Amino acid sequence: MNNKTFFLAVVLAASIGVCSQQLASAQVKAGYKSLFDGKTLNGWKRLAGTAEYKAEDGAIVGTNVANSGNSFLVTNKEYGDFVLEMDVKIDSPKSNSGIQVRSHFDPAGHEGKGLVYGKQFEIDPSDRKWSGGIYDEGRRDWLYPLDMHAEAKDAFKVGQYNHVIIECIGNEMKTWVNGVATAYVVDTLDRTGFIGLQVHAVQKPEDAGEKVYFKNIQIKTTGLVPQPFDKNVFVVNLAPNSLTNYEKQDGWKLLFDGKTSKGWRSVNNMEFPTKGWDLSNSCITVIGSNPTVETPTGGDIITEDKYSSFDLSFDFKMTPVANSGVKYFTYLSKGTTGSALGYEYQVLDDDRHPDAKAGRNGDRKLGSLYDIIPANKQARFVRPMGAWNTGRIVVYPNGHVEHYLNGVKVLEYDHNSKEFKEAEALSKFKNDPGFADSKEGYILLQDHGCTVSYRNIKVKQL
């Protein structure tokens, strides 16, 4: 190589280096700041587990290891309101990961190993496909399983980089995967905290060595304006008895204002019961008598309006041995008053109430279509006694019906199908004329003589 050729090679190499630096800086959007320099882990620290984190080829690469709990590489700095963007890749459908936001660390947690807790953008490459859902790591479990927005399940692609956007402004958190609006949660906890990159624990030592990749990590903290969100996405709103502007524009309305009985009345007359129901503490509570006798004191209450196709969501909190229910397609024996009959979303203490062992195949347990179709639910998605659970009933215009418990679909049926009519014919309602064909009615809260509280009751007509 002569001197001239050598000189040109040096100039070319330098030019390539400058262009590479310009390309890297061009990846940071206007108004954003990079949280990763592409070369080192400066500004980050590992918490809780012992997974390996390295900076390789412009990405943070996390590798799971045997005999470790969940590991987190977290920012040294805490953030409040922000828009966070990054690209994420996970290769194995057996792996799992997540992105922590507004999160915290308890050194004494996990028996002194340390506990990271807070909201997490889920990265789920399994067949469940809940990537983009929102999980509350180390605390409340799932807030937004992607059963709540099944249309977004295919947005995340395993084995390739996916562009992720997480917006946290005020008490709202929204997520996007590859441009698809994914999840929307309104929460009253955590207005600030660190950002973290999770490497999930492995169940078996032979599963160690799986990797997850994070790159182009950047954040915007000033000049924030909420980004438009796709229409008709269900919002998990944990602020009691409230609706966001997005929900109002999407057609939702509250059936309980948190203070009064407006919109509700007794099944026996046109007034709200004078006893047996309590409206304090932002709840509508049926007051139980003796749980072994289950004698109603106030009677059932119903909405003033009737509904046919709708999306109904409600929170409920049980006491031990509780029995209640939320009925839809409810009709009354005397037209506007009288004995009420309807399709019941069962609210029951499965562990203590004897009705859980009655019926067929568990069709009287929590979340079931009472005495007709059992709920298929995992124990981890039933919250403990005294905690709030969330039920949801969706009745589509075509007669398809779904029940959810804490965001997870637990049953579905086609109201007009042969299978439904066969199941109804085996139930206690088989001799009730018109029951199987009911397509419109009141929404009812049942007084079964047990103390159960309700709140966040909202409905959208479809």
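Computed from a prediction, not measured in an experiment: that's the story for all the values here. Here, residue 1 is the first one in the sequence, and each next residue gets the next number.
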Quiz item: Are Arg392 and Phe234 in a cation-pi setup, meaning NZ or CZ lies under 6.0 angstrom from the ring centre and within 45 degrees of the ring axis?
Solution: yes
Exercise. In sequence, state the C-alpha distance, the side-chain angles, and the governing distance for Thr244 and Glu247, and then conclude on side chain to side chain donor-acceptor pair (under 3.5 Å).
Key: CA-CA 5 Å; Thr244 63; Glu247 290 174 284; 3.2 Å; yes
Practice problem: Verify the neighbour count for atom NZ of Lys33: are there more than 12 heavy atoms of other residues, nucleotides or ligands below 6.0 Å? | Solution: no
Self-check item: salt bridge (charged side-chain N to carboxylate O under 4.0 Å, His left out) involving Asp37 - partner list, sequence neighbours excluded
Solution: none
Self-check item: Heavy atoms from other residues, nucleotides or ligands near CD of Glu111 exceed 12 (cutoff 6.0 Å)
Solution: no
Please output the side-chain donor-acceptor pairs of residues 375-387 that fall under 3.5 Å, not counting sequence neighbours, one pair per line with the distance.
from: Lys377; atom 1: NZ; to: Asp350; atom 2: OD2; distance (Å): 3.1
from: Lys377; atom 1: NZ; to: Leu366; atom 2: O; distance (Å): 2.9
from: Arg380; atom 1: NH2; to: Asp141; atom 2: OD1; distance (Å): 3.0
from: Arg380; atom 1: NH2; to: Asp141; atom 2: OD2; distance (Å): 3.1
from: Arg383; atom 1: NH1; to: Trp388; atom 2: O; distance (Å): 3.4
from: Arg383; atom 1: NH1; to: Asn406; atom 2: OD1; distance (Å): 3.2
from: Arg383; atom 1: NH2; to: Trp142; atom 2: O; distance (Å): 3.0

Quiz item: Is there side-chain contact between Ile373 and Asp363, with heavy atoms separated by less than 4.5 Å?
Solution: no
Quiz item: Thinking salt bridges, do Glu78 and Arg191 make one under a 4.0 Å N-O criterion?
Solution: no
Quiz prompt | Residue pair Tyr328 / Tyr345: nearest heavy atoms and the distance that separates them | solution = CE2-N, 4.4 Å
Quiz item: Can you name the residues that form a side-chain hydrogen bond (donor to acceptor under 3.5 Å, both in side chains) with Arg140, not counting sequence neighbours?
Solution: Asp136, Asp187
Quiz item: Hey, is Asp147 close enough to Arg128 for a salt bridge, meaning N to O under 4.0 Å?
Solution: no
Quiz item: Are Asp207 and Lys204 within salt-bridge range, i.e. N to O under 4.0 Å?
Solution: no
Quiz item: Could you go step by step and tell me if Thr390 and Asp315 meet the side chain to side chain donor-acceptor pair (under 3.5 Å) rule?
Solution: CA-CA 4 Å; Thr390 300; Asp315 293 349; 2.8 Å; yes
Quiz item: Any chance CG of Asp57 has more than 12 other-residue heavy atoms, nucleotides or ligands included, within less than 6.0 Å?
Solution: no
Quiz item: Does atom CG of Asn67 have more than 12 heavy-atom neighbours, drawn from other residues, nucleotides or ligands, at distances under 6.0 Å?
Solution: no
Practice problem: Determine whether more than 12 heavy atoms belonging to other residues, nucleotides or ligands lie under 6.0 Å from atom CD of Gln203. | Solution: no
Quiz item: Side chains of Ile99 and Leu84: closer than 4.5 Å at any heavy-atom pair?
Solution: yes
Exercise. Check whether any side-chain heavy atom of Val286 sits under 4.5 Å from a side-chain heavy atom of Leu445, and report yes or no.
Key: no
Exercise. Considering only NZ, NE, NH1 and NH2 on the basic side and carboxylate oxygens on the acidic side, decide whether Asp154 and Lys129 come within less than 4.0 Å.
Key: yes
Practice problem: State which residues pass salt bridge (charged side-chain N to carboxylate O under 4.0 Å, His left out) with Glu412; sequence neighbours excluded, sorted by chain then number. | Solution: Lys409
Self-check item: Sidechain N-carboxylate O distance under 4.0 Å for Asp81, Arg102
Solution: yes
Exercise. Give the ring-plane orientation class for Tyr184 versus Tyr246, where under 30° counts as parallel, over 60° as perpendicular and anything between as tilted.
Key: tilted
Exercise. Search all heavy atoms of Ala181 against all heavy atoms of Ala152 and return the closest pair with its distance.
Key: O-CB, 3.9 Å
Quiz item: So Phe310 and Tyr307, would you call those rings parallel, tilted or perpendicular, with 30° and 60° as cut-offs?
Solution: perpendicular
Exercise. Classify the ring geometry between Tyr413 and His403 as parallel (under 30°), tilted (30 to 60°) or perpendicular (over 60°).
Key: perpendicular
Quiz item: Is the NZ atom of Lys54 crowded by more than 12 outside heavy atoms at less than 6.0 Å?
Solution: no
Quiz item: Which one of Phe435, Phe420, Tyr396 satisfies the ring-ring contact (aromatic ring centres under 6.0 Å, His included) criterion with His415?
Solution: Phe420
Quiz prompt | Any donor-acceptor N/O pair, Thr330 side chain to Tyr442 backbone, under 3.5 Å | solution = yes
Practice problem: Could you give me the CA-CA distance, side-chain angles and deciding distance for Glu137 and Asn70, then say whether side chain to side chain donor-acceptor pair (under 3.5 Å) is met? | Solution: CA-CA 10 Å; Glu137 174 75 22; Asn70 293 342; 3.2 Å; yes
Taking distance alone, no hydrogens or angles, what donor-acceptor pairs closer than 3.5 Å link side-chain atoms of residues 213-220 to residues at least two apart or in another chain?
from: Asn216; atom 1: ND2; to: Asp87; atom 2: OD2; distance (Å): 2.7
from: Gln218; atom 1: OE1; to: Lys29; atom 2: N; distance (Å): 2.9
from: Gln218; atom 1: NE2; to: Gln27; atom 2: O; distance (Å): 2.9

Quiz item: CD1 of Ile443 to CD1 of Ile393: how many Å apart, nearest 0.5 Å?
Solution: 7.5 Å
Quiz item: Is any side-chain heavy atom of Asn241 less than 4.5 Å from a side-chain heavy atom of Phe256?
Solution: yes
Quiz item: With distance as the sole test, does Lys119 use its side chain to make a donor-acceptor pair with the main-chain N or O of Leu189 at under 3.5 Å?
Solution: yes
Quiz item: Passes side chain to side chain donor-acceptor pair (under 3.5 Å), Lys211 versus Thr63? Steps please.
Solution: CA-CA 4 Å; Lys211 299 180 184 296; Thr63 306; 3.0 Å; yes
Self-check item: No-hydrogen, no-angle side-chain donor-acceptor test under 3.5 Å, Thr303 and Asp305
Solution: no
Practice problem: Verify whether one side chain among His400 and Asp414 offers a donor that lies under 3.5 Å from an acceptor in the other. | Solution: yes
Quiz item: So which heavy atom on Asn96 is nearest to which on Pro125, and how close?
Solution: CA-CD, 4.2 Å
Quiz prompt | Pairwise ring-ring contact (aromatic ring centres under 6.0 Å, His included) hits with a residue in residues 66-120, at least two apart | solution = His104-Tyr117
